[in-house]
2 protein chains.
Amino acid sequence: MNKKRTTLKDLAKELGLAASTISRALDDHTGISQETKEKVLKKAEELGFTRNSIASSFRKSKTLTIGVIVPRIDIHFHSLVISGIEEYAYKSGYNVTIFQSRDSIKRESKITKILQNKMSEGVIICLGTETTSYEHFEKLNRMKIPLVFYDRVPTGFEANKIIINDYESAFKATEHLIEVGCKRIAHIGGSQSTGIFKARFEGYKAALVKHKFPMEKNLVHFTKDLSYEEGALVAKKLLALKSRPDGIFCSNDYTAVSAIQVFQKNMVKIPQEIAIVGFSNYPISKIIEPHLTTVNDRAFEMGMAAARLLIRQIEEEEDIIQTEIITIKTELLIRESSTR
Amino acid sequence: MNKKRTTLKDLAKELGLAASTISRALDDHTGISQETKEKVLKKAEELGFTRNSIASSFRKSKTLTIGVIVPRIDIHFHSLVISGIEEYAYKSGYNVTIFQSRDSIKRESKITKILQNKMSEGVIICLGTETTSYEHFEKLNRMKIPLVFYDRVPTGFEANKIIINDYESAFKATEHLIEVGCKRIAHIGGSQSTGIFKARFEGYKAALVKHKFPMEKNLVHFTKDLSYEEGALVAKKLLALKSRPDGIFCSNDYTAVSAIQVFQKNMVKIPQEIAIVGFSNYPISKIIEPHLTTVNDRAFEMGMAAARLLIRQIEEEEDIIQTEIITIKTELLIRESSTR
DNA sequence: CTGAAAGCGCTTACAG
DNA sequence: CTGAAAGCGCTTACAG
């Protein structure tokens, strides 16, 4: 495709001015007469001139672009985070380039290589499930490209992190079940090799301890992916117990929803016989009957915070010699599934 | 932040070769000896050299970047489309920069201005609800930046479009209800000023006509946004009718789900008394009990198709003098909500 | 198979 | 308030 664009030079020739003057006029520089500015702007409009931003980026070695690596875009949590990132970035004049690692360490690593070529001035990352070593990010670090991790963040690797207070959120969720009168509270948890799910389990335990409830082993079940299907399997196990729980704290909403459905099919009343609390505030939580009590993890705000921190570090004059860990406050949304 | 990167020149000096030779060696050009290539690659690795891709983009005036404008990233349909776009783009060596118009014509228009500066070699767009004129896209057209629209596409504006066969899908969905024995089929539709929802209504009507069913006015209801809440309102109206429908074709899954819930609360059995079909295959459709029969709109494939068409046009040597309209085939997923 | 040179379109330090 | 000049780091047509 042959494109011929108007350049600064063309404009300069047209107006009998120097290219440097044009450049400054377009930047609304102080030290360019109002008259000239107006002339330039008018002519630019007339010729349909827009600055070649690649040339500009190149010259200034600034792309005003941040990269984002997520496992998958079509997971609602990530799409909310990305939305928050885009919102903050847009308002700050940055563009957002997205990549999916699809939970492949190989792809994640290849993406970091693409991002090295200083197309992006900074990178926001949610690690893939396979990722346990961080050499590929160390390389970006060495190139002084600021990084911010969110949700699935590296362990034993100093870095900027945006997280939620999983422990405390789980603690409060469990305590809420205690407050509405549950005496035997079960837990449907995620893989304990993942930090956030471990923290949720710990929070659950801590609430039991505080209220002097014994932890009953057969009421605690860990799943691989916290999937809808796994939730149903665990719910059936709980249902088969001689003495059933009267409350369940689930580490996400999918398992909570499938548990509700399994119980309802078996004529167990929610919340009267079993109260249920989920985690994440997925759209489904406001649709399932009864509506699900859950923890709002403020994914959009996480994205905003990640972008804010990243852009601040990009624009920092001096070398960044510190990392920050920002904890986003969650809130417990109390709905019918736990209201007695 | 002070960054000092190794350049081609540095490499050249180190190796006693010309920068041009290095450049070609890294490109694996024919006409560079194997020996030299190996030497260069080794040294590049050693010095941690990566090509400055901005300089490269600038020189070649190719950014290998495509822009995507969606109303909102956190709508599941769009996140699936974006996922498809990213997948195809990644495999083709392109990056994807995303923007949200948030259904604001002003913001959409501003984004097209950002994209004009040839950061993106092409743009994929789903129009915002406010958008009824297309000057801002005509400008991109004039600059010979290829455009591909999907889902909400412009009317009366020649352009590349990726759409689904809404009419036919609705026709089949309605015919399916007839086949399972429904005699009086209602419709919960979307705003008739939106092409796709009008087409779905037309498909519904056509199926009735084909099977010589009368169209009963009080069985057809149009909503503003096809929201969950509106679905419930319509369902209640249908419930209050002296003679209720025995089947409903809904233009999306949210209204279908809320209709199911309203009926169930009123002791109407789904699908025995009323069979229900939705549209879009949202995750909720496989969770609601009974599982919802719905139209799989293949959002991921739409994204792939959009990226494929766009990249083909970007890489086309000659000027593009034609536009393409690609229709993605949908499929009717028959589940319990309509199985008798 | 390799090199020297020009130039992509800007921006900016310097000069006036 | 404006201009001339250098140069960012590549790529490529040309020459040998």
Side-chain angles (χ1 to χ4, degrees), chain A residues 1-41 43-44 47-65 93 114 116-119 121 143, chain B residues 1-41 43-44 47-65 93 114 116-119 121 143:
Chain A
M1 308 204 16
N2 86 71
K3 308 174 196 175
K4 240 194 306 183
R5 292 164 46 93
T6 322
T7 67
L8 265 190
K9 257 190 183 166
D10 298 334
L11 252 188
K13 216 188 291 173
E14 281 283 327
L15 289 164
L17 287 167
S20 44
T21 306
I22 309 284
S23 177
R24 285 188 278 242
L26 292 169
D27 277 349
D28 202 13
H29 236 259
T30 55
I32 295 286
S33 73
Q34 202 51 44
E35 202 196 328
T36 305
K37 281 181 191 169
E38 275 161 24
K39 256 198 318 200
V40 170
L41 248 38
K43 201 67 174 180
L47 301 183
F49 170 81
T50 49
R51 220 197 294 257
N52 180 333
S53 67
I54 309 169
S56 181
S57 287
F58 169 51
R59 183 51 232 265
K60 297 198 279 192
S61 59
K62 268 192 189 149
T63 55
L64 294 178
T65 295
I114 296 170
Q116 270 170 44
N117 304 356
K118 83 175 310 215
M119 314 215 351
E121 301 190 54
M143 297 180 74
Chain B
M1 305 201 22
N2 86 71
K3 309 175 195 173
K4 241 194 305 183
R5 291 166 45 94
T6 321
T7 68
L8 264 189
K9 257 189 180 166
D10 298 335
L11 251 187
K13 215 188 292 174
E14 280 283 326
L15 289 164
L17 288 166
S20 44
T21 306
I22 309 285
S23 177
R24 284 188 279 244
L26 292 169
D27 277 348
D28 203 14
H29 235 258
T30 56
I32 295 287
S33 71
Q34 202 51 45
E35 202 196 327
T36 304
K37 282 181 192 169
E38 277 162 22
K39 253 200 316 201
V40 170
L41 248 38
K43 202 66 173 181
L47 301 183
F49 170 81
T50 49
R51 218 196 297 256
N52 180 332
S53 67
I54 309 170
S56 180
S57 287
F58 168 52
R59 181 52 231 266
K60 297 199 280 192
S61 60
K62 268 190 188 151
T63 55
L64 294 178
T65 296
I114 295 171
Q116 270 170 45
N117 303 355
K118 81 174 313 210
M119 315 217 348
E121 299 190 54
M143 298 181 72

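Order of the sequence lines sets the chain letters (A, B, ...), proteins ahead of strands, with each chain counted from 1.
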- Query: Just checking S20(A): base, sugar-phosphate only, or nothing, at a heavy-atom cut-off of under 4.0 Å?
  - Reply: base

- Item | L11(B) CG - dG9(D) P separation (whole Å) | 13 Å

- Can you tell me how far C1' of dT12(D) sits from CD1 of I32(B), to the nearest Å? 12 Å

- Item | Whole angstrom value for the distance that separates P of dG3(C) from CG of L15(B) | 10 Å

- Message: Regarding S61(B), tell me which of base, sugar-phosphate or nothing describes its non-hydrogen contacts under 4.0 Å with the strands shown.
- Response: nothing

- Query: Once you round it to whole Å, what is the distance between P of dG9(D) and CG of N117(A)?
  - Reply: 14 Å

- Message: How many whole angstroms separate atom CD of E35(B) from atom C1' of dT2(C)?
- Response: 13 Å

- On DNA chain C, more 5' by nearest nucleotide between T30(B) and D27(A) is T30(B)

- Is R24(A) touching bases, backbone alone, or none of the nucleic acid, heavy atoms closer than 4.0 Å? base

- Please report, rounded to the nearest Å, how far the C1' atom of dT12(C) is from the CG atom of L8(A). 13 Å

- Look through every strand shown and name the nucleotide pairing with dA4(D) as Watson-Crick or G-U wobble, where both distances are under 3.5 Å. none

- Taking K60(B) for its side chain and A55(B) for its backbone only, find out whether a donor-acceptor pair lies under 3.5 Å. no

- Do E121(A) and T65(A) come within less than 4.5 Å of each other through their side chains, counting heavy atoms only? no

- Note on the structure: K60(B) atom NZ is separated from dG7(C) atom C1', nearest whole Å, by 16 Å

- Query: How do T7(A) and T21(B) order along DNA chain C: which one's closest nucleotide is nearer the 5' end?
  - Reply: T21(B)

- Task: Indicate yes or no: at least one non-hydrogen side-chain atom of T36(A) is less than 4.5 angstrom from one of V40(A).
- Result: yes

- Message: I'd like to know if the side chain of K37(B) reaches the main chain of H29(B), judged simply by a donor and an acceptor atom lying under 3.5 Å from each other, with no hydrogens or angles considered.
- Response: yes

- Message: Both G16(A) and S56(B) contact DNA chain D. Taking the nearest nucleotide for each, which residue is further toward the 5' end?
- Response: G16(A)

- Query: Rounded to the nearest Å, what distance is computed from the CG atom of residue N52(A) to the P atom of nucleotide dC8(C)?
  - Reply: 12 Å

- Item | Trace of the salt bridge (charged side-chain N to carboxylate O under 4.0 Å, His left out) decision for D27(B) with R51(B) | CA-CA 11 Å; D27(B) 277 348; R51(B) 218 196 297 256; 2.7 Å; yes

- How far apart are the closest heavy atoms of A12(B) and A18(B), and which atoms are they? CB-C, 4.0 Å

- Query: Which nucleotide in the list dT2(C), dC10(D), dC1(D) gets nearest to the side chain of F49(B)?
  - Reply: dC10(D)

- Message: Check the phosphate of dT2(D) against S33(A), side-chain N and O only, distance under 4.0 Å to OP1 or OP2. Yes or no?
- Response: yes

- Query: Taking a pair as Watson-Crick or G-U wobble with both distances under 3.5 Å, which nucleotide is matched to dA13(C)?
  - Reply: none

- Looking across every strand, which nucleic acid part, if any, lies under 4.0 Å from I54(B) by heavy atom: base, sugar-phosphate, or nothing? nothing

- Message: So is the aromatic ring of F58(B) stacked onto the base of dC10(D), judging by whether the centres are under 5.5 Å apart and the planes are under 30° apart?
- Response: no

- Query: Between dA6(C), dG3(D), dC10(C), which one does the side chain of R59(B) approach most closely?
  - Reply: dA6(C)

- Task: Answer yes or no: does a side-chain N or O of T36(B) lie under 4.0 Å from OP1 or OP2 of dT2(C)?
- Result: yes

